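Reviewing the structure listed below.
Quantities reported herein were computed from a predicted structural model and do not represent experimental measurements. For ligands, and for the atoms within them, numbers begin at 1 and follow the listed sequence.
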Amino acid sequence: MYFRLLSALFAVLAALLPVARLAAVETVTFRDQNREQTVVGRVLIEAQDGGLLFQSRDGAIYNIEPDNLLARESDDAAFEPMSQEEVAQSLLAELPEGFQVHTTANYVICHQASTAYARWCGGLFERLAKAFDNYWSRPPRSIETHEPKFVLVAVVFPNKDSYVQFAQDEVGAAAESMIGYYSQRTNRMVLYDLTGIAAGSSRERLSQREIVRILAADRGGLTIATVIHEATHQIAYNSGVQRRFADNPVWLTEGMAMYFETPDLRSSSGWRTIGAVNKPRLNGFKSQMGSWTTADLQNMISSDAAFRQTATARTAYDVAWALSFYLIKRKSKAYCDFLKAHSLKNRLDWDTPEERLTTFIKHFGELEKLNTDFLRYIQRLR
Ligand SMILES: [Zn+2]
């Protein structure tokens, strides 16, 4: 009897133990790209082989292989995200000299840009974050969102050269062809001052509208679209709408960012509307619609491969926009349920192509019929 009671007690304790451990602060030292790093944070997942998915107090996530884990120490204190002040100090210590900090309610913008540009970014990001939250949490949509738990960071370099030099470490050679990115690993946006106006110059006091005018002149608004796009990724992963390091089909993640990215060049922030028709993407998809089949749809749903190859990436993005636009507008409830299901997925648990397909069909129905309706809907858009 006692034995049974005791073993039942142990079973309860064993079930509780990992939970208790997850909340405690730990300090880990590990090798990361041949550098040794010591980070304070919490364990998100501990693998059986001793590998860790570890989150530092600034929100970054590190996937630490057991061979690279050098030391690990735990503390009784509870895990607490860094404050804005702590984040700002840590960024200033990490980045080259000359950076300044601009803070808004949710963001710390560490920049070497003109003050006007930093302020424009802050205003745009806050506006987007609020609209993003409203959009998903209010009827007819019903996604449970929350305030960001970590300070949202944007690092803004003064020019393309300094940006590329920094970004190469994180994204490799691709840095050259991107004007900004959001990293799921660091949880930061990295950008540069796209106005080309040096900090401290006589044009430092540009108005917000003038900034939009300068940016709009560059590739017809595509520049602003990219900034909004990256900020959408960041807020999606920080408001509970998506989960970092979990299985998110690329068409879903990219389609959502493109759904929000359409700039509004008449507005002083450069952005006002959600879910306007994204003309470059629509034209891109329309030009290939003639040969689009259900098998193509099936490929996109079950695999991210088309996004990874230069030859097919552009087309894949166009399709991701069109498909997401169609699903959000026409199958809103099913899309929200699909999104919610993905936000609850376990981290580091990657679906097989068959699992992705099954989940998609479970939410949206048979592909043949869906594809016909999808093409008909897109065909009518102007
Ligand atoms: Zn993207």
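Salt-bridge formation is not detected for the pair Glu355/Lys345: no Lys NZ or Arg NE/NH1/NH2 atom is positioned less than 4.0 Å from an Asp or Glu carboxylate oxygen. At a threshold of 4.0 Å, the pair Arg308-Asp304 counts as salt-bridged, since one of the basic side-chain nitrogens sits closer than that to a carboxylate oxygen.
Inclusion of Glu230 in the first shell of the Zn ion (ligand 1) is not supported: no N, O or S atom falls under 2.8 Å.
Sorting the N, O or S atoms of Glu254 by how far they are from the Zn ion (ligand 1) puts OE1 first.
The Zn ion (ligand 1) lies at the vertex of an angle of 90° between the NE2 atom of His229 and the NE2 atom of His233 (rounded to 10°).
Ring geometry, Tyr259 versus Trp136: the interplanar angle falls from 30° to 60°, so the pair is classed tilted. Taking the six-membered ring where the residue is Trp, Tyr326 and Phe374 present tilted rings, their angle falling between 30° and 60°.
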